[in-house]
There are 2 protein chains.
Amino acid sequence: MKSERKATVKDVAERAGVSTATVSRVLNGDARVKPDTVLLVNRTIEELNYRMNRIARSLKTSRTHTIGVIAPEFRNEFFMNIVTGVEEELKKRGYSVILCSSRERREEETELIGMLRDKGVDGIILIPGSSEGEHLKSARPLPLVLVDRTVDGFPCDAVVGDNYRGAFNAADMALNEGARRIGFIGGDMKLSTARERFEGYEAALKNHGLTPREEDILFGDYHEESGYLLMKELMGRSDPPDYVFIANYFMHLGAARYLLEQKSPFPGLHILSFDDMPLASFFPYSSIIVAQPMEEMGRRAAELLLSRIESGPGEREHRVIRLDTSLRKVL
Amino acid sequence: MKSERKATVKDVAERAGVSTATVSRVLNGDARVKPDTVLLVNRTIEELNYRMNRIARSLKTSRTHTIGVIAPEFRNEFFMNIVTGVEEELKKRGYSVILCSSRERREEETELIGMLRDKGVDGIILIPGSSEGEHLKSARPLPLVLVDRTVDGFPCDAVVGDNYRGAFNAADMALNEGARRIGFIGGDMKLSTARERFEGYEAALKNHGLTPREEDILFGDYHEESGYLLMKELMGRSDPPDYVFIANYFMHLGAARYLLEQKSPFPGLHILSFDDMPLASFFPYSSIIVAQPMEEMGRRAAELLLSRIESGPGEREHRVIRLDTSLRKVL
DNA sequence: TTCTGTATTGTAATCGATTACATTGAATTT
DNA sequence: AAATTCAATGTAATCGATTACAATACAGAA
């Protein structure tokens, strides 16, 4: 086996005795090629072990079949569940993923968008790290789809969970099963999801004729530590609520850590929380969990993006897909 | 602002009154260009808002500054910690990452390697999903670095944790603090890490004059469910060990789930386990945790790969970097 | 028989950079 | 002053595909 350089269309063309145009046509399944020729060319391709240089193709077609995906963090199961869905769907459709982490910083997002465009991605899927979107304009006119969160002042295709209804339903179920007071440990209210969840919770209470008590409501930032601290504050009081709604999974972990740390458990304490991850049902407290279809969010985002890419800039309306959540009762 | 098509070197050259060669030289920091000209060209680049077409460049240089990374699973914190390190280091050096999931399947790995090569990646970092490596030959002559696990019969650059010493040290510490019997819940012994951890455990016992008891040793497959089942089997017996060594984080989670499920706790039970993740220290049992430097493993893998890429096929020896682990005592 | 249409294939330009080699003019050497 | 060197730049080929347009052959139409 000689170590010849990689075969090109030209080599294939020569050996098969046809032109490069014909080889290219076969490669691209052009119907106008005589079936015999197709066979011949394909055989030659096999013989030479030819593999097309996709970079050359990209140069000519300005399509790379590569999508940029920006997530705030890779060490975050929630985001990675979404990314899993994205990759799965894209792979199925012949695309691959350049994955980048924004570290939740706006400047990084901007920079990454520039880098991705330079690399010629066909579109971008972004899980926003913050609530502002001004800087996302730099993606235009590349197709862009947001996932999980929307951003203010930047209308854009997006796939999100129905945070409002999810929160509403969870709180409603709790009240129906006899909750008397539901505390709330929320995320950063600058984020769309944090606001919507709070609003759902609030609405459910009102719906049951209750007014949320000011002092039962605490806001933090969606991170583990924040959940720990706020849970400590809430449960450290003399008269804590019987139910606590924790606005996301990581805060839930933090809160659970606080609870597990305590010498004596809190009897009759119930937890509500978002996102059904492996550990959400681990802790020895009865809980109601709002499950978002994370992978589906990813898949739908990929679908939406590809439909934009493959049908050109047809429809100009932005589409926001809001996926249903479901409840899971634990214990 | 007219919507002109994107500027090219040619446009810049014309406007600046120089040749494309000169523009290219400025772009690439070629020292032979007169400083005045550099200024002129750079100014023109700004004016035209020029951004180089990296695909064209790749075609000419056959370098994409893109690395393929293959992990068995995205929903796995351990792997994603490694990937975080990889991305961080690569980004710092001007590379980006095409991330793919092999779903732990060999055929997928093969297919992905082919796809990545077609896309022109400059090298591949792979977290092997299985212990066989025959199929990895298809990556040659692309630079390839394995992380976390090595594979049998395929010598290759790799970065791994020191599983043997990690396991040894943990068991040793346990024995020094008075462990009488240490059970072992291991992973699939076809994996290098599973074997090494078991050997370390075994050696520590022998070193203390103990012989591991056949019946205290169970093997599973590194997944949560497996940890649950084996823990159940082990602790369900009439005379369970006082310490249990659980071979990885996910089995640890499963085992912990079993323990938390029990009405009455097992007093005096101690856990040994691998990988220091957020939840490893959550559970109400005293534990010794072997912490692998996950992100550093990723960073080192990236470094090693880039050194191969950037220095050409100089050194022919494969290098296996074995990183130290550390112990963390909980409770 | 000549013309037109269709099916198939070929020729050559093109995508946007890089770079080997050629060229120019000025500085230095002799 | 002629020869040599060097710095700075330009010309044009090249990377490996795609594709507009041209060309060819052969069918059936007139």
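A note on names: the letters A, B, ... follow the listed sequences, proteins ahead of strands, and every chain is numbered from 1. Side chains are part of it too, since the values below use all heavy atoms of this structure and drop only hydrogens, waters and symmetry mates.
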Is any side-chain N of the basic residue among [X] and [Y] closer than 4.0 Å to the acidic one's carboxylate O?
X        : Y        : result
B:Arg93  : B:Glu89  : yes
A:Glu73  : A:Arg103 : no
B:Glu295 : A:Arg75  : yes

Are there over 12 heavy-atom neighbours, none belonging to B:Glu107, within less than 6.0 Å of that residue's CD? yes

Between atom [atom1] in [X] and atom [atom2] in [N], what is the gap in whole Å?
X        : N      : atom1 : atom2 : value
A:Leu59  : C:dA13 : CG    : C1'   : 13 Å
B:Asp30  : C:dT18 : CG    : P     : 11 Å
A:Met52  : D:dG16 : CE    : P     : 14 Å
B:Asn28  : D:dT9  : CG    : P     : 16 Å
A:Asp118 : C:dG16 : CG    : P     : 14 Å
A:Lys10  : C:dT14 : NZ    : C1'   : 15 Å

Less than 3.5 Å between a donor and an acceptor, one on the side chain of B:Lys60 and one on the base of D:dT14, is that the case here? yes

Could you tell me, to 10°, how much the axis swings from one end of the helix from C:dT1-D:dA30 to C:dT30-D:dA1 to the other, five pairs per end? 60°

Can you work out whether B:Arg32 or B:Ala56 has the more 5'-proximal nearest nucleotide on DNA chain D? B:Arg32

Looking at DNA chain D, which of residues 16-25 of chain B put a heavy atom within less than 4.0 Å of it? B:Gly17, B:Val18, B:Ser19, B:Thr20, B:Ala21, B:Thr22, B:Arg25

Donor on one side chain, acceptor on other, B:Thr64 and B:Tyr95, under 3.5 Å: no

B:Ser96 and B:Lys91: side-chain donor and acceptor closer than 3.5 Å? no

